[in-house]
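What follows is one structure encoded as structure tokens, with my remarks underneath.
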Amino acid sequence: GGVDFQGCQIRMVATSPQAVSGVSHYAALDEHGRVWTWGGNYWGALGLGLGLWQPDDDERGMYTEDAKTQPYPVRVPSSFGGEKVAMVATGPANTAAVTTGGALWVWGRPYVISHTSPGATPSTFGIRTPTLIPCSLFGGALVQSVACGQYHILVLTTCGAVWSLCDKRRLIMEKCTTLSDDCNTVHSTLTPQLVDASHFGGARIVACFANRRCSAAVTEHGALYVWGDVVASGTPTLVPTSSPGGRRVGWWTKHIEHE
């Protein structure tokens with residue numbers, strides 16, 4: 001049979017690359033602004049309150065019994081602060097959601113600790129339920145969209161700024177350059193770090209992308225910048241166009257009407 005969402009129409013689906021478990025996970029957004037997840041539950045990426053993983057330094061720790069794959073969609077038991085969810089994103093072992101009110105919720109691989117977000121668990125454990133990241137950590141701006149990488153999350157605010165939440169310890173161990181150079185002073189506090197607008201010529205960002213070890217952003221002028229392993233640099237690098245006159249980069253991003 002097909003995937004069952006109990007009669008609800010689905011507005012969008014996000015799928016992750018394979019995690020260390022070799023199993024992807026999925027997040028779907030239904031017509032009522034509710035989130036459904038299924039697939040691999042490592043680091044608690046399904047947001048169901050299950051799947052605690054206690055890793056060692058090489059991420060070869062032990063999973064609890066409830067970290068197994070969930071074969072069918074289950075609605076995430078969170079009210080998301082009483083707001084409808086407007087978009088979802090997934091990474092190899094993490095999930096994020098943005099509400100219609102511009103709030104960001106994350107779960108799975110940890111990027112925050114208890115002093116930055118109430119209810120978040122220490123950085124050695126997965127965040128097993130949706131956890132609010134206060135807008136105050138983004139300079140008070142509302143969140144427009146989010147993109148999930150393997151060890152980092154990119155957050156685009158309504159004022160056109162890009163912020164990064166990241167597991168710097170793992171990035172250093174993997175010798176990744178996913179972070180912008182603005183994040184080089186980050187340690188284990190894992191608080192959001194602003195990617196300086198000067199890297200983008202002061203332009204507003206309208207879309208962002210995060211992959212396993214790279215990041216990208218598109219400006220309001222259609223310019224594309226990338227950083228990370230793809231260019232072996234932590235500095236956002238302008239991607240030149242092939243035509244003499246230059247071409248704007250097209251993009252698709254879900255428009256969120258904040259309430």
Side-chain angles (χ1 to χ4, degrees), residues 3-6 8-19 23-51 69-112 117 120 126-133 135 138 142-158 162-165 192 207-212 215-216 251-259:
V3 178
D4 182 17
F5 295 99
Q6 300 179 6
C8 296
Q9 294 185 6
I10 297 303
R11 301 303 189 194
M12 73 175 296
V13 176
T15 179
S16 70
Q18 287 187 349
V23 180
S24 299
H25 76 283
Y26 307 84
L29 178 64
D30 71 18
E31 59 188 316
H32 304 296
R34 302 176 304 190
V35 179
W36 301 69
T37 57
W38 69 103
N41 194 34
Y42 296 97
W43 285 106
L46 299 185
L48 306 177
L50 306 171
T69 298
Q70 168 62 42
Y72 306 109
V74 176
R75 189 157 66 86
V76 176
S78 173
S79 66
F80 293 100
E83 297 179 341
K84 294 181 179 180
V85 172
M87 75 159 293
V88 290
T90 57
N94 58 313
T95 310
V98 179
T99 69
T100 54
L104 174 66
W105 296 73
V106 300
W107 58 99
R109 180 182 289 277
Y111 298 96
V112 293
S117 185
I127 302 173
R128 295 181 289 167
T129 57
T131 299
L132 176 66
I133 307 300
C135 287
F138 304 113
L142 299 179
V143 174
Q144 179 68 32
S145 64
V146 62
C148 297
Q150 183 171 13
Y151 301 124
H152 73 300
I153 293 177
L154 290 184
V155 179
L156 176 63
T157 64
T158 53
V162 176
W163 297 72
S164 177
L165 288 83
C208 62
F209 171 80
N211 203 337
R212 293 177 68 91
S215 302
W251 68 89
W252 179 92
T253 183
K254 181 177 177 64
H255 179 68
I256 299 175
E257 292 289 348
H258 292 299
E259 296 176 344

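Computed from a predicted structure; not experimentally measured. We use all heavy atoms of the structure for the numbers below, so side chains are in, but hydrogens, waters and symmetry mates are not.
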Does [X] reach the side chain of [Y], with side-chain heavy atoms less than 4.5 Å apart?
| X | Y | result |
| --- | --- | --- |
| Ser164 | Ile153 | no |
| Val106 | Ile133 | yes |
| Phe138 | Val143 | yes |
| His32 | Lys84 | no |
| Val155 | Val162 | no |
| Thr157 | Gln144 | no |

So, for [X] and [Y], which heavy atoms are closest and what is the spacing to 0.1 Å?
| X | Y | answer |
| --- | --- | --- |
| Leu154 | Ala216 | CD1-O, 4.2 Å |
| Ser215 | His152 | OG-NE2, 2.9 Å |
| Glu83 | Thr100 | CB-OG1, 4.3 Å |
| Gln150 | Pro92 | CA-CD, 3.7 Å |
| Ala210 | Ala147 | N-CB, 3.6 Å |
| Leu29 | Ala86 | CD2-O, 3.3 Å |

If you round to the nearest 0.5 Å, how far is [atom2] of [Y] from [atom1] of [X]?
| X | Y | atom1 | atom2 | value |
| --- | --- | --- | --- | --- |
| Leu48 | Ser78 | CG | OG | 11.0 Å |
| Ser145 | Leu104 | OG | CG | 10.0 Å |
| Trp105 | Leu132 | CH2 | CG | 4.5 Å |
| Arg34 | Ser79 | CZ | OG | 13.0 Å |
| Cys148 | Asn211 | SG | CG | 11.5 Å |
| Gln70 | Asn41 | CD | CG | 8.0 Å |

key: Test item: Ser24 side-chain N/O and Ser16 main-chain N/O as donor-acceptor pair under 3.5 Å   =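 Yes.
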Using the side-chain contact (heavy atoms from CB on, under 4.5 Å) criterion, which residues pair with Ala28? Sequence neighbours excluded.
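Result, side-chain contact (heavy atoms from CB on, under 4.5 Å) vs Ala28: Phe5, Ile10, Val13, Trp36, Trp38.
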Exercise. Apply side-chain contact (heavy atoms from CB on, under 4.5 Å) to Ala97 and list each qualifying residue two or more places apart in sequence or on a separate chain.
Key: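 For Ala97, the residues satisfying side-chain contact (heavy atoms from CB on, under 4.5 Å) (neighbours in sequence not counted) are Phe80, Val85, Val88, Trp107.
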**Message:** Between Thr90 and His25, is there a side-chain donor-acceptor contact under 3.5 Å, judged purely by atom types and distance?
**Reply:**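 No, because no side-chain N or O of His25 sits under 3.5 Å from a partner of the opposite role on Thr90.
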